[in-house]
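Computed from a predicted model, the values in this text were never measured in an experiment.
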Amino acid sequence: MRYTLLRMVAALTCVLAACADVMPVKDFDLQRMTGKWYMVGFATNAQWFVNHKAGMKMGTAMLVATETGDVDLSYSNLNSDGSCWRMTHLAKKTDTPGRFTFHSQAWNNDNDMRIVDVVYDDYAVVHTIKTKNDVSEVVNKLYSRTQDTSAALQQKFTQFSLDTGVEADNIAILPKNSECPEA
């Protein structure tokens, strides 16, 4: 048991060290990143996701650049009962273009978000390290300008998620979903 625990801690340390080296895309352009995106892929080893991934569906994200170079993030997802789940964050720019930080009041965690791959009129891969009580988890998201993505893009997202330590069973391409009405 002790040996297994030590192996798990060593593996987690390696994953977190590797994720700390994940850098944002070169020549990031916040203005081109703004607008509506569909969250079509989600990947994390976080226990809440493992418990709820079967019921998750595609949602939308609205990214709006502020005058100071920060990002207003608004997420929405239509629930099966017709209600809408919504969340907003103000992600603060860092000295590294394409990297933002924010604190989630809802989850009480600190987030280090990096746009690691983007074709502005097509897709974006977002890598976030979430930290709460000195425990960090990786969350990768695949955004698309449409609800449809190619098999090649899905594979690229899957490989990136595997490379950042997410287990294969915890990588999901989300089923389509209707959108929430405007709030």
* To do: Hydrophobic side-chain clustering at under 4.5 Å (ILVMFWY, transitive links): who's grouped with V64? Put none if nobody.
  => M62
* Sequence neighbours left out, what passes side chain to side chain donor-acceptor pair (under 3.5 Å) with S161? Give chain and number order. => N140
* Would you please name every residue forming a side chain to side chain donor-acceptor pair (under 3.5 Å) with Q147, sequence neighbours left out? => none
For [range], which residue pairs qualify under disulfide bond (SG atoms under 2.5 Å apart), counting only residues two or more places apart or in two chains?
{"range": "residues 49-134", "answer": "C84-C180"}
{"range": "residues 110-145", "answer": "none"}
{"range": "residues 132-162", "answer": "none"}

Does [X] reach the side chain of [Y], with side-chain heavy atoms less than 4.5 Å apart?
{"X": "F42", "Y": "K53", "answer": "no"}
{"X": "L153", "Y": "Q155", "answer": "no"}
{"X": "Y120", "Y": "M33", "answer": "yes"}

Could you tell me the separation between the [atom1] atom of [X] and the [atom2] atom of [Y], rounded to the nearest 0.5 Å?
{"X": "D169", "Y": "N45", "atom1": "CG", "atom2": "CG", "value": "9.5 Å"}
{"X": "L174", "Y": "S144", "atom1": "CG", "atom2": "OG", "value": "12.0 Å"}
{"X": "M113", "Y": "T101", "atom1": "CE", "atom2": "OG1", "value": "9.0 Å"}
{"X": "D121", "Y": "R145", "atom1": "CG", "atom2": "CZ", "value": "8.0 Å"}
{"X": "M39", "Y": "K57", "atom1": "CE", "atom2": "NZ", "value": "13.5 Å"}
{"X": "D112", "Y": "T94", "atom1": "CG", "atom2": "OG1", "value": "7.5 Å"}

Between [X] and [Y], is there a donor-acceptor pair closer than 3.5 Å when you use the side chain of the first and the backbone of the second?
{"X": "R114", "Y": "V126", "answer": "no"}
{"X": "T96", "Y": "R99", "answer": "no"}
{"X": "D81", "Y": "S83", "answer": "yes"}

* Go through E137 and T128 one step at a time and tell me if the side chain to side chain contact (heavy atoms under 4.5 Å, CB included) criterion holds. => CA-CA 8 Å; E137 298 173 328; T128 304; over 6 Å; no
Please output the side-chain donor-acceptor pairs of residues 22-32 that fall under 3.5 Å, not counting sequence neighbours, one pair per line with the distance.
from : atom 1 : to  : atom 2 : distance (Å)
D29  : OD1    : Q31 : N      : 3.1
D29  : OD1    : R32 : N      : 3.3

Minimum heavy-atom separation for [X] to [Y], with atom names?
{"X": "P97", "Y": "D95", "answer": "CD-O, 3.5 Å"}
{"X": "V166", "Y": "T44", "answer": "CG1-N, 3.7 Å"}
{"X": "F100", "Y": "A91", "answer": "CB-CB, 3.7 Å"}

Kindly state each residue pair satisfying ring-ring contact (aromatic ring centres under 6.0 Å, His included) with at least one member in [range], sequence neighbours excluded.
{"range": "residues 147-170", "result": "H127-F160"}
{"range": "residues 52-95", "result": "H89-F102"}
{"range": "residues 54-73", "result": "none"}

* To do: Test salt bridge (charged side-chain N to carboxylate O under 4.0 Å, His left out) on D70 and K92 and set out the steps.
  => CA-CA 5 Å; D70 299 332; K92 297 290 202 171; 3.4 Å; yes
Does any donor atom in the side chain of [X] or [Y] lie under 3.5 Å from an acceptor atom in the other side chain?
{"X": "T60", "Y": "S76", "result": "yes"}
{"X": "K130", "Y": "N111", "result": "yes"}
{"X": "S136", "Y": "T131", "result": "yes"}

* Should L78 and W37 be counted in the same cluster of Ile, Leu, Val, Met, Phe, Trp and Tyr side chains packed under 4.5 Å apart? -> no
* Asked: Would V50 end up clustered with I171 when hydrophobic side chains under 4.5 Å apart are linked, directly or stepwise?
  -> no
* **Identified side chain to side chain contact (heavy atoms under 4.5 Å, CB included) counterpart of L90 within the set V71, D72, L73** => D72
* Structure fact -> The salt bridge (Lys or Arg N to Asp or Glu O under 4.0 Å) partners of K156 (sequence neighbours excluded) come to D117
* Results of salt bridge (Lys or Arg N to Asp or Glu O under 4.0 Å) for E179 - residues two or more places apart only -> K36
* Asked: Would you find more than 12 non-hydrogen atoms of other residues, nucleotides or ligands less than 6.0 Å from N51 atom CG?
  -> yes
* Asked: For the rings on Y38 and Y143, is their centre-to-centre separation under 6.0 Å?
  -> no
